[in-house]
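Just so we're clear, the structure is a prediction, and the values are computed from it rather than from any experiment. Both backbone and side-chain heavy atoms feed into the values below; hydrogens, waters and symmetry mates do not.
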2 protein chains.
Amino acid sequence: MPAPITEEQHRLDREALLDAAERLFYERGIQAVGMDEVRAASGLPLKRIYRFFAAKEDLVVAVLKRRDRRWRGDLAAHVERVPDPRERVLAVFDWLAEWFAQPGFRGCAWANAYGELGSSSEAVLAEVRSHKQAFHDQIAAWVRAAGVAVAEPVFLLAEGAIVTAGISGDPAPARHARAAVVTLLATPSSGTADALTELTASTSMDASLN
Amino acid sequence: MPAPITEEQHRLDREALLDAAERLFYERGIQAVGMDEVRAASGLPLKRIYRFFAAKEDLVVAVLKRRDRRWRGDLAAHVERVPDPRERVLAVFDWLAEWFAQPGFRGCAWANAYGELGSSSEAVLAEVRSHKQAFHDQIAAWVRAAGVAVAEPVFLLAEGAIVTAGISGDPAPARHARAAVVTLLATPSSGTADALTELTASTSMDASLN
DNA sequence: TAAGATAGGGAACGATCGTTCTCAACGTCA
DNA sequence: TGACGTTGAGAACGATCGTTCCCTATCTTA
């Protein structure tokens, strides 16, 4: 065999490629970054990049997949260091606050990818949906463990905080969302809340709803 | 003057151009739509398009500006048909639910534009921020009029519902956000107290803290 | 050492982008 | 009527995209 590429080097090169692509795609947008720029940043020849991934779309999906694993892993590690179930839910928003304050924070990579490619790449759309579903399920599990039945609003507050912090460039939404979650966790759980919803909704419905 | 273009026709052509561009940009993404496609869809010659807007970026900004006026105008019209201040806040989410259910709904046009061009076009970024600020201020005014001081979470729930409904393709987040707002409006966070607030507070005192 | 397979560097390709230019057609005024 | 100014239709331009191909250097094995 005349090729001296070890298995380990192969793995390292692939990681370097994903590192470079992820940074560029997140910083400047996916369509704004050409493959030649990925080549220059990764140090790998174009030929090898296309042996790793047959097309740019595959590279994008791989970047999102790896980022999802790392992002949710970091979140879970932070959250599950907290023993109390109720505090765990709040820890999600402390972690978000730290993320928002990082230099170069530019909102949700998946939401951004959706805006760019959601209607033109089925594979990217599927990856974005997969990530959001997994994030939702993580939050739902932690909220359930806290003994309350308000998973949905906690997830929506997190999503709203991420998109708002990204666009505004201000990490404050993490604090606002956290404060709202404190309130929601302190309200009587599902049965009473639903009854209250029904009561208020019945007096306001003019149209819509389903 | 040899040019028979009336002032009125000029205005109509401009609207047709913005109509076509808005539809294409929202459906398929901004970068995915070429100027030649805008030309074909609008029926206007390319030369006239570039007399209206010197560059594609200017067209994009104009589309976002006009959509902002219409979008927030429609929202305000729906909300302010409701007399009761508290119901008005909930009416925001009824309007969102109707929007989410419309065919072709593809999330927030401004958030999508941010994902695509937020880091490469200062003008687009400014327009996106301007829209989000205006939407935030609208909600804050309605929430304040309802006599409670929880504007931020209501805004974040709306944002979370929009992005989630867009990505998932499911209009349910509007209902979930609405239910959460009902809870928040019934919480004595601002010191204002009425019968409903007292009732909910008295049954929820077991939780709380931090 | 000779032979051969593969790697990297980068040019090349076809497509498409935003934008400009050409040119014929036409309506208006001297 | 004839010259002019403006228009619409679309070709053309330069740049850039994702992707492929060529060529040479280099390393392995006989």
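- Residue pairs meeting the side chain to side chain donor-acceptor pair (under 3.5 Å) criterion with at least one partner in residues 122-132 of chain A, sequence neighbours excluded, are A:Lys65-A:Glu127, A:Asp68-A:His131, A:Lys132-A:Glu159.
- Here B:Arg23 pairs with B:Glu27 in a salt bridge; the nearest charged N to carboxylate O distance falls below 4.0 Å.
- Between the side chain of B:Arg28 and the main chain of B:Val33, no donor-acceptor pair closer than 3.5 Å is present.
- B:Phe53 has its CZ atom 16 Å from the C1' atom of C:dT19, to the nearest Å.
- Scanning both residues, A:Leu96 and A:Ala174, for their nearest heavy atoms gives C-CB, 4.3 Å.
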Within the sub-3.5 Å range, which N or O atoms of nucleotides 20-23 of chain D have a protein N or O partner, and how far apart are they?
residue	atom	partner	partner atom	Å
D:dC22	N4	A:Lys47	NZ	3.1

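- B:Trp110 has its ring centre no less than 6.0 Å from the ring centre of B:Phe135.
- Taking atom CG of A:Asp13 as the reference point, atom C1' of C:dG8 lies 12 Å away to the nearest angstrom.
- Residue B:Leu59 contributes atom CG, which lies 15 Å from atom C1' of C:dC17 at whole-angstrom precision.
- The stretch residues 29-43 of chain A comes close to DNA chain D through A:Val33, A:Gly34, A:Met35, each having a heavy atom under 4.0 Å from the strand.
- Remark: B:Arg48 is not in phosphate contact with D:dT7, judged by side-chain N or O atoms under 4.0 Å from OP1 or OP2.
- The CD1-P distance, from A:Ile49 to C:dA7, rounds to 15 Å in whole Å.
- Taking CG of B:Leu157 as the start and CD1 of B:Ile162 as the end, the distance is 11.0 Å to the nearest 0.5 Å.
- Paired with A:Asp19 under the rule salt bridge (charged side-chain N to carboxylate O under 4.0 Å, His left out), one option of A:Arg66, A:Arg70, A:Arg14 passes, and it is A:Arg66.
- Closest approach to the B:Arg51 side chain among C:dG8, C:dT19, D:dT7 is made by D:dT7 (side chain taken as heavy atoms from C-beta onward).
- Looking at B:Asp94 and B:Arg175, no side-chain N of the basic residue comes within less than 4.0 Å of a carboxylate O on the acidic one, giving no salt bridge.
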